[in-house]
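Whatever order the structure lists ligands and atoms in, that order sets their numbers, starting from 1. This one's a predicted model, so the numbers in the text were calculated from it and none came from an experiment. Positions are given from 1, in the same order as the sequence printed here.
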Amino acid sequence: MTFYVENQAKIISSFFPEQADDYNQLLESFGNFVEKDIAPSARAIDRQGNFPKENMEKIFKQGFTNIPYPHALEGLGLPYPIYIACMEMVGKACASTAISLAIHGTVCDGLYQFGDPDQHEKYLKDLITGRKLAAFGLTEPTSGSDARGSMTTRAESGPAGSWKINGEKMYITNASKADYYFVFAKTPKGFAAFVVPNESPGFSWGSNITKMGLKGSTLMGLTFRNVSVPKENLVGTDGEGFEYAKMMLFGGRITIAALSVGIAQAAMEKTIAYSKEREAFGKHLSDFEITQSKIADMMTQINAARLMTYYAALLKGKKQDFSIEACEAKLYATEMALDVCNEAIQIHGGYGYTDEADVHRHWRDAKLMTIGEGTSEIMKIIIAGKALGKK
Ligand SMILES: Cc1cc2nc3c(=O)[nH]c(=O)nc-3n(C[C@H](O)[C@H](O)[C@H](O)COP(=O)(O)OP(=O)(O)OC[C@H]3O[C@@H](n4cnc5c(N)ncnc54)[C@H](O)[C@@H]3O)c2cc1C
């Protein structure tokens, strides 16, 4: 088995039969790179809580974030599922690295869709090539799932079309490390989105919030005290900001689903290897039918989640409506990853509970996936709304 697994290759081949050899070769080589250069540091990053800067630099050098963007923006012009297959492999190797990249990718996606040519030139090129890093600022201390109803950060128009932002954001990944913050604020017309550079006067971040998993990624609150940004930093149209946030979150949900599939795949592979080594009652664990049944469930669930995730990515890449498919993929893949990691710990027995084994890191990392970019409950509300014909 290679790091790029057969099931991934089969999906990619079925989506892109004419380019199957080229894409699979590219993905296999990216998988080999991730296995050799990224996976080995994952445990230390988790233990020491170090921001995975080196990993990210190496991945940027591979052209990872450039994948779905046109050549004119220094992108590689490849289909979106290729990016998602790479995201899965980074998630499998090191979820702390993957979450930082996923959030960065969500901002790239938003700027690409809603930014103007000057913003593409000034910000997006540097972001997709990894010369600069981005953060996404939507959540606030008293506003999470109900971002539309309870956001308090405000932007008022100032002199010469500039904007003045006041308020606070909370739980922001890549805070303190990012060069650009994609920030949402309320305006008299509704919501607006802005690019706030890190050195803007009045803009600051708090201390790192420690957490149960994804320990290498940073998580902080942001404070805006009369932060002035020029009119060129308004993204798209004032009043449309919340629509942009929604579209960015739908895309982000595909990346979170991919990351979850990667985490689950890592936990399953470690479990299969362990079950072939560990003996009990004179047999390998893998010889017990109950273990086989659990492994069969893991593999089926992972492959189902992967298909849902890559399909949502295919729709997004084709510019078709992918919103419900993204929510379904996120709901299924994130809950699946938690279940798979839970069984992985169980099959590892006492060893699985110790710091010697990696499987509880995978469980701790997987847990966030059911919360960030919209909780499982919110995914169900959106999916049920569609099923029941509600708006
Ligand atoms: C590690 C980490 C990284 C993050 N990174 C970012 C980031 O980069 N940028 C950013 O903007 N945010 C980020 N977040 C915030 C994250 O997106 C929010 O935590 C998430 O959207 C949930 O919001 P909340 O925490 O306010 O929970 P709440 O909205 O307070 O929800 C609490 C619980 O109530 C449930 N609930 C809420 N409303 C309903 C309802 N109508 N019906 C049923 N149940 C409901 C929720 O599902 C949840 O279980 C991050 C969070 C974490 C922990």
Side-chain angles (χ1 to χ4, degrees), residues 45-46 49 51-52 91 95-110 127 133-153 167-186 191 193-194 196 198 205-224 241-242 244-253 255-257 259-260 263 327 330-331 334-335 337-338 361 363-385 388 390:
I45 285 172
D46 177 63
F51 183 69
S96 285
T97 305
I99 192 76
S100 304
L101 287 170
I103 299 289
H104 173 84
T106 295
V107 174
C108 293
D109 186 37
L127 290 173
L133 186 67
F136 175 79
L138 178 67
T139 307
E140 299 185 353
T142 55
S143 165
S145 304
D146 181 24
R148 189 200 293 266
S150 54
M151 188 182 294
T152 60
T153 297
E168 289 192 21
K169 296 288 171 184
M170 186 46 116
Y171 301 144
I172 306 303
T173 301
N174 291 342
S176 82
K177 304 292 179 186
D179 301 281
Y180 303 130
Y181 294 74
F182 197 103
V183 173
F184 298 91
K186 279 198 93 167
F191 293 86
F194 301 92
V196 179
N198 58 354
W205 45 83
S207 49
N208 199 21
I209 302 165
T210 56
K211 50 195 174 335
M212 65 189 271
L214 301 172
K215 286 175 176 283
S217 65
T218 63
L219 190 72
M220 297 177 191
L222 308 176
T223 303
F224 302 82
F242 202 77
Y244 304 158
K246 268 172 51 186
M247 288 312 296
M248 289 168 79
L249 286 170
F250 284 130
R253 284 166 191 156
T255 61
I256 296 294
L259 226 156
S260 306
I263 293 173
C327 293
K330 184 190 185 273
L331 173 64
T334 60
E335 296 290 341
L338 260 190
R361 163 164 63 86
W363 189 92
R364 290 185 282 105
D365 291 343
K367 184 58 200 158
L368 179 270
M369 307 303 151
T370 67
I371 297 170
E373 308 242 2
T375 62
S376 291
E377 291 77 10
I378 297 301
M379 294 307 99
K380 287 184 183 177
I381 290 171
I382 297 171
I383 297 163
L388 297 168
K390 294 185 178 174

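- A distance of 4.5 Å separates SG of Cys327 from CE of Met379, quoted to the nearest 0.5 Å.
- Residues Ala337 and Ser260 approach most closely at CB-O, 3.5 Å, considering heavy atoms.
- Taken from NZ in Lys186 to CZ in Phe242, the straight-line distance is 10.5 Å, to the nearest 0.5 Å.
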Pairs under 3.5 angstrom, nitrogen or oxygen on both sides, ligand 1 versus protein: list them out, please.
unit_1: ligand 1; atom_1: 5 (N); unit_2: Tyr171; atom_2: O; d: 3.1
unit_1: ligand 1; atom_1: 5 (N); unit_2: Thr173; atom_2: OG1; d: 2.8
unit_1: ligand 1; atom_1: 8 (O); unit_2: Thr173; atom_2: N; d: 3.0
unit_1: ligand 1; atom_1: 8 (O); unit_2: Thr173; atom_2: OG1; d: 3.4
unit_1: ligand 1; atom_1: 9 (N); unit_2: Phe136; atom_2: O; d: 2.8
unit_1: ligand 1; atom_1: 11 (O); unit_2: Leu138; atom_2: N; d: 2.9
unit_1: ligand 1; atom_1: 11 (O); unit_2: Thr139; atom_2: N; d: 2.9
unit_1: ligand 1; atom_1: 11 (O); unit_2: Thr139; atom_2: OG1; d: 3.1
unit_1: ligand 1; atom_1: 12 (N); unit_2: Thr139; atom_2: OG1; d: 2.7
unit_1: ligand 1; atom_1: 12 (N); unit_2: Tyr171; atom_2: O; d: 3.4
unit_1: ligand 1; atom_1: 14 (N); unit_2: Tyr171; atom_2: O; d: 3.2
unit_1: ligand 1; atom_1: 29 (O); unit_2: Ser145; atom_2: N; d: 2.9
unit_1: ligand 1; atom_1: 29 (O); unit_2: Ser145; atom_2: OG; d: 2.6
unit_1: ligand 1; atom_1: 47 (O); unit_2: Thr375; atom_2: OG1; d: 2.6
unit_1: ligand 1; atom_1: 47 (O); unit_2: Glu377; atom_2: OE1; d: 2.8

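- For Arg364 and Asp46, the salt-bridge test passes: some basic side-chain N is under 4.0 Å from an acidic carboxylate O.
- Under a 4.0 Å N-O distance rule, the pair Lys169/Glu140 qualifies as a salt bridge.
- Trp205 CH2 to Lys177 NZ: the interatomic distance, rounded to the nearest 0.5 Å, is 10.0 Å.
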